[in-house]
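In the text below, chain A, chain B and the rest are named by the order of the sequence lines, each starting its count at 1. Nothing here was measured: the structure is a model prediction, and the numbers come from that model.
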Amino acid sequence: MAISRDDIAAILDEIALLLEIKGENPFKTRAYRNGAETVRNFDGDIVAKAKENDLDGIKGIGKALQEKLHELASTGKLVFHENLRGEFPEGLFELFGIQGLGPKKVRALYEKLGIDSIESLKKSCTDGSAAALPGFGKKSIEKLLESITLKEKFADLFRLGDIAHIAESMLEKLRQHPDSLRVEIAGSYRRSKEILHDLDFLVATTTPAIITQYFSELPEASSVIACGDTKASIRLANGLQCDLRAVSNQQFPFALQYFSGSKEHNVALRSRALKHGWSMNEYGFTPKDKSTPGAPAVKEEADIYRVLGLDRIPPELRENRGEIEAAEKREIPRLIELENLRGTFHNHTTASDGKNSLEEMAEAARDHGMQYLGIADHSKSQFQANGLYPERLLKQIEEIHRLNQTWDDFQLITGSEVDILKDGTLDFEDSLLGKLDYTVASIHSSFQLPEKEMTQRIIRAMENPHVTMIGHLTGRLLLKRNSYQVNIDKVLDCAARTGTIIELNCNPKRLDMDWRHWHRARDKGVMTSINPDAHSTEQLHYLAFGIRLARKGWLRREDVLNCMSLTDVQSWLKLPKDKRAQ
DNA sequence: CTTTCTCTAAAGTGCACTGTGGCCAGTGC
């Protein structure tokens with residue numbers, strides 16, 4: 001297969017990394033990284049151009065990179081790269097996944113101790129040999145070990161957003177099979193958990209063995225763990241295990257309910273069934289004794305809940321966190337849906353670290369059927385992200401006002417993702433923030449503060465009348481970095497008191513604030529804004545993940561700022577904060 | 001390695017934090 005632009009970019013990035021380990025001129029390594037970015041973002045078929053050696057005049061691609069790109073595009077490889085790679089062992093790359101290890105330290109570990117894998121790093125941390133190196137003290141060893149433990153803990157876990165695409169495409173293939181009557185993905189995927197350890201497919205069919213066979217032969221299957229008459233397990237190339245159960249059409253609702261879980265929800269539901277005189281498993285209701293009347297017919301999963309005297313409980317809520325009681329009292333809320341969104345906030349453009357211009361982001365948002373799009377590029381402290389200085393922000397505001405004249409059905413909303421500094425003050429003066437329609441205040445530095453200080457820092461930011469919302473409240477990066485220490489309840493109380501919104505950040509790596517807090521937040525009167533934190537037009541799709549997690553947090557459309565129409569949101573933003581509180 | 005107020009050589013994102021080692025280097029945003 002021909003080499004793709006992403007392959008080429010990845011090779012350039014790898015060269016940069018290797019040069020860094022070698023201690024090359026930092027500007028040289030940067031040139032390779034810039035080159036990778038240029039290749040990724042090039043408007044047109046850069047691979048074809050490279051093949052024809054037609055790369056003159058592309059900014060950031062000089063003579064040397066032109067030749068290398070040409071070689072890559074025409075032969076599929078690069079001798080320079082292969083030689084460079086040959087100088088280092090394979091496992092060295094995984095060391096960069098450890099927090100606190102950069103090129104300099106990796107190089108020292110490799111050259112002085114021959115460390116070339118996480119395994120050997122762990123050993124040298126425990127036996128004291130790493131501590132003997134200059135620059136490695138007691139504390140840094142502790143941190144390295146902590147980061148290794150974190151990585152091991154997450155080894156067989158996957159983020160929802162990373163596997164949704166492949167899950168849906170496998171689901172579609174199973175649905176296309178002529179012998180499948182009904183197909184669903186059950187398990188934690190159906191419950192919209194942010195982290196998954198497997199996928200559970202469920203098929204209703206009269207020919208189960210044919211379906212399990214078909215499943216085990218899907219192109220996605222890199223290995224087959226088991227394949228029997230009604231059950232099969234495969235492993236995907238990324239390590240994710242996928243299980244399939246084939247059941248009869250009659251059993252399907254019970255199996256779907258059973259395999260969707262959660263375990264805790266099912267335990268509670270089964271004990272409820274017992275009170276009606278039925279035991280319940282993945283195949284159906286069974287009367288406890290001969291005197292018990294049989295259960296009414298069940299055709300759909302919702303029938304199971306109805307028969308037990310409950311409203312249907314959306315899968316997202318099935319965590320045994322009060323949903324059964326609510327269903328009994330007919331108080332299951334009408335949960336928010338993607339279609340309820342009228343616009344969205346917190347989006348980046350090329351002005352800071354986004355990939356698309358204001359116009360492109362606006363057009364993409366219009367294509368999504370939105371009435372408005374809030375822009376929030378980084379503030380000046382985010383230097384590495386090309387954060388805006390006041391003059392550039394003022395220019396952007398003007399530019400947005402100019403663009404807004406060109407639409408009558410859509411508006412851009414001016415904003416900033418302003419850094420919350422260490423002491424809780426903001427990266428911009430109030431007078432500048434006052435010129436914006438809204439502000440997302442976020443923490444991007446000093447993650448290590450103790451809980452009390454961190455909480456106070458955020459509260460101070462929320463007390464600023466110009467802070468509309470707090471971005472990614474806990475700073476967690478799923479499967480990578482724990483949240484910083486913060487007292488969520490104190491923050492929520494302050495949010496309710498000051499009329500500050502807490503964002504639900506939809507980036508699949510974040511999904512922050514966590515769904516477990518939203519029900520409580522909602523009851524305190526805290527509103528949210530479901531924000532994609534999009535750095536490109538494609539990332540507007542992140543909203544779908546945010547909606548899944550908002551549903552999991554019991555949120556309704558009235559709890560969400562960006563369910564408001566354009567005119568409502570405009571007048572809401574003009575209100576002083578204390579008038580906004582619900 | 002690329003760009004440039006270039007013409008052959010120089011300049012090329014900044015800052016805070018952390019931990020270590022003795023006043024600064026490395027990392028991460």
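Residues from residues 386-397 of chain A that place a heavy atom under 4.0 Å from any atom of DNA chain B: there are none. Within residues 69-96 of chain A, no residue has a heavy atom under 4.0 Å from DNA chain B. Across residues 115-131 of chain A, not one residue has a non-hydrogen atom less than 4.0 Å from an atom of DNA chain B. Near DNA chain B, meaning a heavy atom under 4.0 Å away, the residues from residues 19-28 of chain A are Asn25(A), Phe27(A), Lys28(A).
Remark: Arg342(A) engages no residue in a salt bridge (Lys or Arg N to Asp or Glu O under 4.0 Å) (not counting sequence neighbours). Partners of Ser192(A) under the side-chain hydrogen bond (donor to acceptor under 3.5 Å, both in side chains) rule, at least two apart in sequence or in another chain, are Arg548(A). For Ser483(A), the side chain to side chain contact (heavy atoms under 4.5 Å, CB included) criterion is met by Thr474(A), Arg476(A), not counting sequence neighbours. For Thr414(A), the side-chain hydrogen bond (donor to acceptor under 3.5 Å, both in side chains) criterion is met by Asp437(A), not counting sequence neighbours.
Side-chain nitrogen and oxygen atoms of Lys143(A) include at least one within less than 4.0 Å of the OP1 or OP2 phosphate oxygen of dG19(B).
In the set dC17(B), dT4(B), dT20(B), the nucleotide with an atom closest to the side chain of Lys59(A) is dT4(B). Listed nucleotides dG19(B), dC1(B), dT4(B) differ in distance to Lys139(A); the shortest reach to its side chain belongs to dG19(B).
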Donor-acceptor contacts under 3.5 Å from residues 106-114 of chain A side chains, at least two apart:
from	atom 1	to	atom 2	distance (Å)
Arg107(A)	NE	Ile21(A)	O	3.4
Arg107(A)	NE	Glu111(A)	OE2	3.4

Ignoring hydrogens and angles, write down the donor-acceptor pairs under 3.5 Å from the side chains of residues 51-66 of chain A, residues two or more places apart or on other chains.
from	atom 1	to	atom 2	distance (Å)
Asp54(A)	OD2	Lys49(A)	NZ	3.3
Asp56(A)	OD1	Gln66(A)	NE2	3.1

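Between His346(A) and His348(A), the distance separating the two ring centers is shorter than 6.0 angstrom.
The salt bridge (Lys or Arg N to Asp or Glu O under 4.0 Å) pairs that include a residue from residues 136-148 of chain A number zero, where partners must be two or more places apart or lie in different chains.
Lys68(A) comes within contact range of the sugar-phosphate backbone alone, with a heavy-atom separation under 4.0 Å but no base atom that close.
With contacts defined as side-chain heavy-atom distances shorter than 4.5 Å, the pair Val440(A)/Asp533(A) does not qualify.
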Subject >> Footprint string (nucleotides 24-29 of chain B, 5' to 3'): B base within contact, S backbone only, - free, heavy atoms under 4.0 Å >> reply: --SSSB
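Rounded to whole Å, the distance from CG on Leu18(A) to P on dC1(B) is 14 Å. Atom CG of Asp427(A) is separated from atom P of dC15(B) by 12 Å (rounded to the nearest Å).
Spacing of C1' atoms, dG12(B) relative to dA16(B), comes out at 22 Å, to the nearest Å. A distance of about 22 Å separates the P atoms of dC5(B) and dC1(B), rounded to the whole Å.
Using a 4.0 Å cut-off between charged side-chain N and carboxylate O, Glu94(A) and Lys151(A) make no salt bridge.
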Original post:
Yes or no on salt bridge (Lys or Arg N to Asp or Glu O under 4.0 Å) for Lys490(A) and Glu451(A), after CA distance, side-chain angles and deciding distance?
Top reply: CA-CA 11 Å; Lys490(A) 283 199 176 142; Glu451(A) 180 182 305; over 6 Å; no
